[in-house]
Amino acid sequence: MLKAFRLTAILEGISYLLLFGITMPLKHWADILEPNKVVGYAHGGLFILYVLLAVVFCWERKWGIKRFIVLFIASLLPFGTFYADKKYLQGLS
């Protein structure tokens, strides 16, 4: 479970950066729509998976709602899931 959650956190963070750092500017400044659509769908799916895994992971670890809220907010911020992985997930077994 931990490996799946960590992998999802990293992939969600990468998709966030790709979406807002590369494909959104391509969409709005160069009228190139296709990459934004593909990365947007991937990011949406990874975001939902990340939140679901955060719920399950917090439930299994008996972490409180505060820790879940931190993990959730991390998914909304650029580089947030990388921070959450480093601070909360690395080193767990």
Taking a hydrophobic cluster as the set of Ile, Leu, Val, Met, Phe, Trp and Tyr residues connected by side-chain heavy atoms closer than 4.5 Å, whether directly or through intermediates, do [X] and [Y] fall within one such cluster?
X     : Y     : value
Leu11 : Met1  : no
Leu49 : Tyr16 : no
Phe79 : Ile69 : no
Trp59 : Leu53 : no
Leu2  : Val70 : yes

> Closest approach of Ser15 and Val39, non-hydrogen atoms and distance?
Replying inline: O-CG1, 3.9 Å
So how far is it from [X] [atom1] to [Y] [atom2], rounded to the nearest 0.5 Å?
X     : Y     : atom1 : atom2 : answer
Phe5  : Ile10 : CZ    : CD1   : 10.5 Å
Leu26 : Asn36 : CG    : CG    : 8.5 Å
Arg67 : Lys62 : CZ    : NZ    : 14.5 Å
Leu19 : Leu46 : CG    : CG    : 11.0 Å
Tyr88 : Cys58 : OH    : SG    : 10.0 Å
Arg6  : Thr81 : CZ    : OG1   : 11.5 Å

Evaluate the side-chain proximity of [Y] to [X]: yes if any heavy-atom separation is below 4.5 Å, no if none is.
X     : Y     : result
Lys27 : Lys37 : no
Leu77 : Tyr83 : no
Ile65 : Phe68 : yes
Phe82 : Ile14 : yes
Tyr50 : Leu71 : yes

> More than 12 non-hydrogen atoms from neighbouring residues, nucleotides or ligands closer than 6.0 Å to CZ on Phe20, yes or no?
Replying inline: yes
